[in-house]
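Since the structure comes first, as structure tokens, the remarks are kept for the end.
The model shown is predicted, which means the values in this text are computed figures rather than measured ones. The figures here come from the full heavy-atom set of this structure, side chains too, leaving out hydrogens, waters and symmetry mates.
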Amino acid sequence: MKRIKKIIGGLIVGTMLMAASHVLAAEQAKNVILMISDGMGFNTMKATDYYTGAPAVYESFSVKGSMNTSSAGASGGYVGVPYNPAQMWSNFNYQKSGYTDSASAATAMYTGVKNYDNQINKTTNGANLTTFFETASLQGKATGAVSTVNFDHATPATVVAKTTNRNDYATITSQMIASGLDVIMGAGHPFYNNSGQAVTANYSIVGNETNWNSITGNANGRTFIETKSDFEALANGTLLANKVFGVAQVRDTIQDSRAGAPGAAMNTNVPNLLTMTKAALNVLDNNVNGFAIMIEGGAVDWANHANGLKRSIDEQIDFNNSVQYVVDYLNAGSNGNNWNNTLLIVTADHETGALWGPTAGTFNQISDNGIGNLPGAVYNSGNHTNTLVPFFAKGTDAGLFNTYLTGSDPEMDNKYGIDLAFNSYIDNTDIFKVMSAAQNTAVPEPSVILLFGLGMAGLAAFRCK
Ligand SMILES: [Zn+2]
């Protein structure tokens, strides 16, 4: 009798601990994947959907909403203020005021702190900030930064760098080289022009020749790759590496800045974001502790700055394909990674171009001209705007975002013709809060694991009976 009690006790404890352990496991994100389409507004997204004839995969995620992108302002200039729905819909030009830049937007998302535009991981008092990715690296996780623009551009640079000047490529590149990043991929090759043609070296894109020699010399243990075939080999597993510095053979951006008409032939000597995404995950998922990565569709912003809708859509399609790959990767449970141990976030850092429907200067919806045809849309600015941007999340702790959806703009669904869910919004600093909460949730203590083991022993004994 005493023995039976003990067995039943063991069963109960085992069951309870199984439940507790399950909860802990469900809240613990082994991996965090942050995907940013730089400059993507709701109408960038809709324009691409109309062009392709189908919504992007992330639009069906159950956790979604809008996001405020305001910064602390500009050093010595304007003071940043959060998005104001009443002002937005009463004055068409309001959206063109007080917009963030990518450096401060990335700092807010990666550190939870709003700083001045053009500054990377510096507080408004000049102190250094530690990013979510740096903390993940210190926790033993593999970390990466991938972009379709030069790897030392604001959004990827902010994953680790710290400088008051986002254009200081010498400092940024040297900091990235010295950082704990396991994967760095992007454009930014000094020996190629924007059309992927070999030219006389111009080292300004990496700051100086010394930085370039460090990169190509496999500094800090990163294998240097540059050819399209090497990116593809890394993606399909025929090339193996633990740490990689991949600089595609093109200067400023993989495709967007190439010469020719909007629909001119693509550069053929470079990987796309999809290939870089596959390659990066293939390297990072070797770490048993998990990984944290930022993957950027960086040139959506550039195309929108140039008011080039065709190239913006092209860039957004590459971004969407990359998100689709990540979704497929997690659906398949690749290398043990799935929705129960991974948090995926898809968002933008700000809108660019004030893209609206065909009637300029008014809040009119863009029109669908069918698959393969550019939608009816007009850019109303060549710069960033302060409008809300979309965010989507799926996987471990994605539901935490619902507690941060405290902003309300009841006009969003009506003005854009989008889901009611986008009438609620978070702040860009909440990205950091959710990523950190997801990844820093306490893992089971050794004593709990021990008790769990004993409980399982009791369960096993009961079963053996
Ligand atoms: Zn921009």
- Task: Using side chain to side chain donor-acceptor pair (under 3.5 Å) as the criterion, point out the one residue from Asn211, Asn167, Thr171, Thr173 that pairs with Asp152.
- Result: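 Option passing the side chain to side chain donor-acceptor pair (under 3.5 Å) with Asp152: Thr173.
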- Message: Exactly one of Thr163, Asn115, Asn128 should register a side chain to side chain donor-acceptor pair (under 3.5 Å) with Lys122. Which one does?
- Response: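 Exactly one candidate clears the test, Asn128.
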- Message: Surrounding CG of Asn165 (heavy atoms of other residues, nucleotides or ligands, distance under 6.0 Å), is the total greater than 12?
- Response: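 Correct, the count exceeds 12.
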What I want to check is whether the side chains of [X] and [Y] have a donor and an acceptor closer together than 3.5 Å.
| X | Y | result |
| --- | --- | --- |
| Lys114 | Asn428 | yes |
| Tyr169 | Asn150 | yes |
| Tyr203 | Asn213 | no |
| Gln324 | Asn320 | no |
| Ser381 | Asn383 | no |
| Asn93 | Asn91 | no |
| Arg166 | Ser104 | no |
| Asn125 | Thr123 | no |
| Asn304 | Ser312 | yes |

Is the [X] ring parallel, tilted or perpendicular to the [Y] ring (thresholds 30°, 60°)?
| X | Y | answer |
| --- | --- | --- |
| His384 | His350 | parallel |
| Trp89 | Phe363 | perpendicular |
| Tyr325 | Tyr329 | tilted |

Residue pair [X] / [Y]: nearest heavy atoms and the distance that separates them:
| X | Y | result |
| --- | --- | --- |
| Lys64 | Glu59 | NZ-O, 3.0 Å |
| Asn194 | Thr253 | OD1-N, 4.3 Å |
| Thr155 | Tyr110 | O-OH, 2.9 Å |
| Asn386 | Ser97 | ND2-O, 2.9 Å |
| Gly188 | Val247 | C-CG1, 3.5 Å |

Which distance, rounded to the nearest 0.5 Å, do you find between the [atom1] of [X] and the [atom2] of [Y]?
| X | Y | atom1 | atom2 | answer |
| --- | --- | --- | --- | --- |
| Ile205 | Phe191 | CD1 | CZ | 13.5 Å |
| Arg222 | Ile184 | CZ | CD1 | 4.0 Å |
| Ile431 | Phe391 | CD1 | CZ | 6.5 Å |
| Thr387 | Met412 | OG1 | CE | 7.5 Å |
| Lys415 | Asn43 | NZ | CG | 13.0 Å |
| Phe245 | Met185 | CZ | CE | 10.5 Å |

- Sole residue of Asp413, Asn414, Ile418 in side chain to side chain contact (heavy atoms under 4.5 Å, CB included) with Tyr416: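 For Tyr416, the side chain to side chain contact (heavy atoms under 4.5 Å, CB included) test succeeds with only one of Asp413, Asn414, Ile418, which is Ile418.
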- Positive for side chain to side chain contact (heavy atoms under 4.5 Å, CB included) with Val270, one of Arg258, Glu226, Gln255: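 That would be Gln255.
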- Asn282 side-chain N/O to Ala235 backbone N/O, donor-acceptor pair under 3.5 Å: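 Judged by distance alone, yes, a pair lies under 3.5 Å.
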- What's the verdict on salt bridge (Lys or Arg N to Asp or Glu O under 4.0 Å) for Lys433 and Asp430, showing C-alpha distance, side-chain angles and the deciding distance? CA-CA 5 Å; Lys433 291 172 191 167; Asp430 297 331; 3.3 Å; yes
